[in-house]
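Encoded as structure tokens, the structure appears first; notes follow it.
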Amino acid sequence: MNTKEYKTKELLKRFLPYYRNHVGTVVLDLFCAALTTVCELILPLIMRYITNTGIKDLAALSVKTVLLLGALYFGLRIIDSIANYYMADVGHVMGAKIETVMRKDAYAHLQKLSNTYYNNTKVGQIMGRITNDLFDVTEFAHHCPEEFFIAGIKVIAGFAILSTINVWLTLIIFLIVPIMVITCMKLNRRMKKAFSKQRHQIGELNARIEDSLLGQKVVKAFTNEEMENAKFAEDNQQFFEIKKETYKYMAAFQTVTRIFDGIMYLAVLVGGGIFMVEGLIQPGDLVAYMLYVTTLIATIRRIIEFAEQFQRGMTGIERFLQIMDADIEIFDEEGAVPLEKVEGNIEFENVSFEYPDDHNQVFENLNLSIKAGERVAIVGPSGGGKTTLCNLLPRFYDIDSGCIRLDGKNVKEFTLKSLRKQIGVVQQDVYLFSGTVYDNIIYGRPEATREEVMEAARLAGADEFIQKLKDGYDTYIGERGVKLSGGQKQRISIARVFLKNPPILILDEATSALDNESEFEVAKSLAKLSKGRTTLTIAHRLSSIRNSDRILVLTGDGIVEEGNHETLMEQRGIYYQFYTMADQWQ
């Protein structure tokens, strides 16, 4: 997984385009923020006027004047409440919309990433990045422009107003502010690293939980509950230690802000008191000054406290970008065209391939030609490249050199979607989605009718057992089809391919994990499925491929034997040894 670290400037630059469709909302939100700020800044001026007027000439301060000032402030408070409601409602919804779009983008990008990415990335980490991490982006997207805008108005307006009261006291106060900001920024950087570590460990914890729960049958079978509890406890404790470190920086952060709060109040108390004794500031001005400083301190504290949310948002954006910047290794080449009217002639010409993550060389200058409609079986020792060979045709991986042709054209000349649409894959490890039987079969061709789905099930030999299920085709089969037997799951996966109706078929050890009865039923379904299609069959049970048109023996040295069953048995080579060995164990 991409673990690149981004600077704050780059993170903001990449995030800003998500505001593009919400400019009107942002402008109105900032206007409302300005209104709430004006309401807050007016109160000290009203108090200053009442206090100074009352001290100088109490008779000049009438009840009518006080009531008018009270009405003015009440009206401002109504405006403040309406503006605040807009900010809390519409502003948060805008943040949620941005979060939704980002999650959609991340998920769409994940769909384009190759098998190599998923081979090296824990699903729990990915889930954490597109769920928990983006929750914080909602708050960030809403509050970030709002908080800094409000702070800017208060600081600038506060400085201007306070300077008219007493410029020297104002300078003393505003000299403390940058020291406070610099100190807090240093703590912020440490907080960001701590939050990033925390997010990573959440992903590790999710991955541990997912791995253990999905394998709970194995855990129970080997009575390893205590071992799993110990592993989880270790990861959980690591998460606690990281969180403890985060809270340490947060506590230091809050302590520093409180110290600077006290220093600023002390400056106003001592400095303002001395200036008032010297006649350089009036009592009403000092009251107004204290109120403004209280507002200023509250603003700075809010910005500093927002820094925690800011860092959470930055961490969320960073982890989002680490997904978005993961390389799409398999993609449509420039000028790729849709693949139509496939005959099924396949050719591997001088194909070399090694896995990009561990650089394990699998093929070197491999040559193979398969005619349309031919049934070809591939056998050989584990690790010889049988599954890899079949994964190269639909471009689950791209070859390093050479060429793979389909009906005489390089497979890279076709769009990925159209290429894979023409290839059906039945695997040993069947993956069924959480949902109903019907949902899983129609996945092969979403536009199919219910009658076509049922016909595909009949062809796969699955209709009989489906009809006996509690709700027939609408029976919920549980996560990964846990409510079905291995043979039932396999026949549903075959029905899915029947519905897809591709001209090319890949059978990757489709019966090796089944019992004899289930294997027999599934074998009949596969025989029907492969009729008239170019078929590549990977098999460990050699009895299932005796009727193949051609059998290839694939080892680390490439294709070492080739022919039909009878020919290879006469040669008494590797295939003969495999077959007779398997026959001894029958």
Side-chain angles (χ1 to χ4, degrees), residues 336-346 370-377 390-396 404-409 411 413-433 435-467 472-473 477 481 487-511 521-539 544-545 547-549:
V337 297
L339 173 60
E340 298 174 352
K341 296 180 181 178
V342 175
E343 293 179 17
N345 294 293
I346 301 168
I370 301 172
K371 296 177 182 178
E374 188 177 12
R375 295 172 300 167
V376 175
C390 293
N391 283 337
L392 295 178
L393 180 60
R395 291 187 64 197
F396 293 149
I404 300 176
R405 291 190 174 87
L406 179 57
D407 293 339
K409 293 185 178 180
V411 292
E413 295 181 22
F414 307 117
T415 61
L416 278 170
K417 184 175 181 179
S418 65
L419 172 66
R420 292 171 181 173
K421 206 168 185 179
Q422 304 296 335
I423 302 171
V425 181
V426 180
Q427 298 172 313
Q428 173 189 356
D429 185 17
V430 178
Y431 194 96
L432 298 183
F433 296 95
T436 65
V437 172
Y438 181 83
D439 293 336
N440 276 278
I441 297 177
I442 202 170
Y443 198 83
R445 185 157 52 92
E447 70 276 10
T449 64
R450 192 173 184 89
E451 289 71 25
E452 289 173 323
V453 168
M454 295 176 71
E455 176 61 22
R458 279 191 287 271
L459 290 170
D463 181 71
E464 184 178 349
F465 85 79
I466 293 174
Q467 297 288 5
Y473 283 84
I477 61 173
Q488 289 173 334
K489 287 193 287 187
Q490 192 63 281
R491 275 177 276 177
I492 287 176
S493 74
I494 293 169
R496 192 158 59 190
V497 177
F498 260 117
L499 188 64
K500 185 178 182 180
N501 194 27
I504 299 172
L505 190 62
I506 296 173
L507 307 177
D508 189 353
E509 300 185 28
T511 63
E521 294 298 327
V522 170
K524 287 196 299 183
S525 302
L526 292 175
K528 278 193 258 180
L529 180 61
S530 59
K531 190 174 182 181
R533 307 175 202 268
T534 304
T535 306
L536 281 73
T537 304
I538 300 171
S544 64
I545 58 167
N547 295 325
S548 298
D549 298 325

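All values below come from the heavy atoms of this structure, side chains included, with hydrogens, waters and symmetry mates left out. Since this is a predicted model, take the numbers as computed values, not measurements.
- Put simply, the side chain of Arg491 never gets that close to the backbone of Ala462: no donor and acceptor are under 3.5 Å apart.
- Atoms CD and CD1, from Gln427 and Ile538 in turn, are 9.5 Å apart once rounded to the nearest 0.5 Å.
- Considering all non-hydrogen atoms of both residues, Thr415 and Pro338 come closest at OG1-CA, 3.9 Å.
- Between Arg395 atom CZ and Ile404 atom CD1 the span is 9.5 Å, to the nearest 0.5 Å.
- Open room surrounds OH on Tyr443; 12 or fewer heavy atoms of other groups in view lie less than 6.0 Å from it.
- The minimum heavy-atom distance between Val426 and Gln490, with the atom names listed, is CG1-OE1, 3.4 Å.
- The two residues Ile494 and Ala460 come nearest to each other via the heavy atoms CG2-CB, 3.9 Å.
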Might you work through the side chain to side chain contact (heavy atoms under 4.5 Å, CB included) test for Asp439 and Phe433, ending with a clear yes or no? CA-CA 8 Å; Asp439 293 336; Phe433 296 95; over 6 Å; no
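- Environment of NZ in Lys528: crowded, with over 12 heavy atoms of neighbouring residues, nucleotides or ligands closer than 6.0 Å.
- Contact record, Gly424 with Pro502: N-CG, 3.4 Å, taken as the closest heavy-atom pair.
- Put simply, the side chain of Asp407 gets close to the backbone of Asn345: a donor and an acceptor are under 3.5 Å apart.
- Using a 4.5 Å heavy-atom cutoff, the side chains of Ser530 and Thr537 are not in contact.
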The test is side chain to side chain contact (heavy atoms under 4.5 Å, CB included); show your working for Arg496 and Ser493 and say whether it passes. CA-CA 5 Å; Arg496 192 158 59 190; Ser493 74; 4.2 Å; yes
What do the steps show when you test Asn501 against Arg533 for side chain to side chain contact (heavy atoms under 4.5 Å, CB included), and what is the final call? CA-CA 9 Å; Asn501 194 27; Arg533 307 175 202 268; 3.0 Å; yes
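- In this structure, a donor-acceptor pair under 3.5 Å is absent between the side chains of Asn440 and Tyr431.
- With values rounded to the nearest 0.5 angstrom, Glu451 atom CD is found 10.5 Å from Glu455 atom CD.
- For the ring-ring contact (aromatic ring centres under 6.0 Å, His included) test, no residue two or more places apart in sequence or in another chain qualifies with Phe396.
- No side-chain heavy atom of Glu452 sits under 4.5 Å from any side-chain heavy atom of Glu447.
- Considering all non-hydrogen atoms of both residues, Ala457 and Ile441 come closest at CB-CD1, 4.2 Å.
- At a threshold of 4.5 Å between non-hydrogen side-chain atoms, the residues Ile492 and Tyr438 do not count as touching.
- In terms of heavy atoms, Cys390 sits closest to Leu536 at SG-CD2, 4.0 Å.
- One distance of note links CG of Leu419 with CG of Leu339; it measures 6.0 Å at 0.5 Å rounding.
- Atom CD of Glu464 has 12 or fewer neighbouring heavy atoms from other residues, nucleotides or ligands inside a 6.0 Å radius.
- With rounding to the nearest 0.5 Å, the separation of CZ in Arg375 from OG1 in Thr534 is 11.5 Å.
- Atom NZ of Lys421 has 12 or fewer neighbouring heavy atoms from other residues, nucleotides or ligands inside a 6.0 Å radius.
- Within the model, atoms CD1 of Ile423 and CG of Leu406 stand 7.0 Å from one another, a figure rounded to the nearest 0.5 Å.
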CA sep, side-chain torsions, deciding dist, call: Gln422, Phe414, side chain to side chain contact (heavy atoms under 4.5 Å, CB included): CA-CA 11 Å; Gln422 304 296 335; Phe414 307 117; over 6 Å; no
